[in-house]
Amino acid sequence: MIGGVEWDLIAGLFAVAVAAGCVDAIAGGGGLITMPALILSGLDPVSAIATNKLQSSAGSGSATLAFARRGLIDWPRAWPIAVMAGGASILGALCVSLLPRAVLDAAVPVLLIGMALYFATAKRMSSEDATARLTPAAFALSLAPAVGFYDGVFGPGAGAFYMVGFVTLLGLGVVRATAHTKLANAASNLGSLALFAASGHVVWSIGLAMAAGAFLGAQVGSMLAVRLGARLIRPLLVTIACAMALRLLSDPANPLRQAVLGLLAPG
């Protein structure tokens, strides 16, 4: 046992994190794999979220390093975006209890489905850069903190929202957009992780094992993303965005689900 956790459980969660880290490095959404695994392992929801932030931070950090080694991150433009995203995620985590969760539960699936449609149909989804519609400074002061704040408050789909911004507003090609998304994701993950760690909710024995797995998986995922480019990233983004929307709508308490079922109910 390590830290009161059985070896076989840690080994299983390590393998889960490898797979999640690979998927997350390409298109985000690794939490779709890791969160159910953490809940099934017996962690309470808060500890599962906190521990997931640890492995997610390792995965996004690993992907960032891999993309950076290949020269795909423009650091003078990227670091202010990352700083703003990270700072806003801390603020978001502090404001969790003050914001109407029901609004997010209802709105985010709709936004994710919209993102999936965009990724499926957008003509600009290629590996070539296009004309930017915002300066990096304007992006760092607008979309980056908005998504970072959302990531601290709620989180699902944050990577997809970053991707849309980098592609449509900064005009980055899909591979470079993925690289910059991983940096912004790493920053916002680390911001909220700091608060969870300070509050004692992280299960370190599980989290560190999964962090190692996520790190390795992200190295593989980033290599595949660079090698295959839009041919891999585009369909996976569509799949992940739809899967996240369906996962949120599968909750019987989701207000959007309840509203739709209420409209369809006879009489």
Evaluation steps, side-chain contact (heavy atoms from CB on, under 4.5 Å), between Tyr150 and Ser188: CA-CA 9 Å; Tyr150 164 77; Ser188 53; over 6 Å; no
CA sep, side-chain torsions, deciding dist, call: Val202, Leu193, side-chain contact (heavy atoms from CB on, under 4.5 Å): CA-CA 9 Å; Val202 177; Leu193 172 63; 4.1 Å; yes
Steps toward side-chain contact (heavy atoms from CB on, under 4.5 Å) verdict (Leu112, Leu248): CA-CA 10 Å; Leu112 286 170; Leu248 293 171; 4.1 Å; yes
side-chain contact (heavy atoms from CB on, under 4.5 Å) assessment of Phe196 paired with Leu54: CA-CA 9 Å; Phe196 282 123; Leu54 173 56; over 6 Å; no
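Put simply, Leu232 and Ile240 are part of the same group of oily side chains (I, L, V, M, F, W, Y) that touch within less than 4.5 Å, one to the next. Clustering ILVMFWY residues whenever any of their side-chain heavy atoms sit less than 4.5 angstrom apart, transitively, puts Ile81 in a cluster other than the one holding Val83. Connection of Val220 to Leu228 is established within a shared hydrophobic cluster, with ILVMFWY side chains joined at heavy-atom distances below 4.5 Å, either directly or through further cluster members. At a threshold of 4.5 Å between side-chain heavy atoms, the hydrophobic network of Ile, Leu, Val, Met, Phe, Trp and Tyr places Leu216 and Phe67 in two separate groups. The hydrophobic cluster containing Met115 also contains Tyr162, counting ILVMFWY residues as joined when their side-chain heavy atoms lie under 4.5 angstrom apart, directly or transitively.
In this structure, Leu183 CG and Leu72 CG are separated by 12.5 Å, a value rounded to the nearest 0.5 Å. To the nearest 0.5 Å, atom CZ of residue Arg257 and atom OG of residue Ser250 are 7.0 Å apart. Atoms CD1 and OG1, on Ile26 and Thr178 in that order, are 9.0 Å from each other to the nearest 0.5 Å. Atom CG of residue Asp8 and atom CG of residue Leu13 lie 9.5 Å apart, to the nearest 0.5 angstrom. Leu172 CG to Phe166 CZ: the interatomic distance, rounded to the nearest 0.5 Å, is 7.0 Å. With values rounded to the nearest 0.5 angstrom, Arg70 atom CZ is found 11.0 Å from Leu65 atom CG.
Residue Arg77 places its CZ atom among more than 12 non-hydrogen atoms of other residues, nucleotides or ligands, all under 6.0 Å distant.
Using a distance-only test at 3.5 Å, with no hydrogens or angles considered, no donor-acceptor pair links the side chain of His201 to the main chain of Leu195. The main-chain N or O of Ala177 is found under 3.5 Å from a side-chain atom of Thr181 such that the two form a donor-acceptor pair. Counting only distance, with no hydrogens or angles, the side chain of Ser41 and the backbone of Leu38 share a donor-acceptor pair below 3.5 Å. With hydrogens and angles ignored, the 3.5 Å screen pairs no side-chain donor or acceptor of Arg133 with any backbone N or O of Gly171. Of the possible polar contacts, none joining the Ser222 side chain to the Ala25 backbone as a donor-acceptor pair under 3.5 Å is found.
Looking at Ser60 and Asn185, their side chains never bring a donor and an acceptor atom within 3.5 Å of each other.
Minimum interatomic distance between Met210 and Ala17 (heavy atoms only, all atoms of both residues): O-CB, 3.2 Å. Contact detail for Ala116 and Cys242: the closest heavy-atom pair is CB-SG, 3.6 Å. Contact record, Ala66 with Gln219: CB-NE2, 3.8 Å, taken as the closest heavy-atom pair. Listed here is the closest heavy atom pair of Thr64 and Ala186: OG1-CB, 4.2 Å. Across every non-hydrogen atom of Pro109 and Asn254, the tightest pair is CG-ND2, 4.3 Å. Looking at every heavy atom in both residues, Cys22 comes nearest to Leu224 through SG-CD1, 4.3 Å.
For the side-chain contact (heavy atoms from CB on, under 4.5 Å) criterion with Thr34, the lone passing option out of Ile39, Asp24, Thr51, Val16 is Val16.
Contact of the Phe161 side chain with the Leu111 side chain is registered, since non-hydrogen atoms from C-beta on lie closer than 4.5 Å. Side-chain contact between His180 and Asp74: present, with at least one pair of heavy atoms (C-beta onward) separated by less than 4.5 Å.
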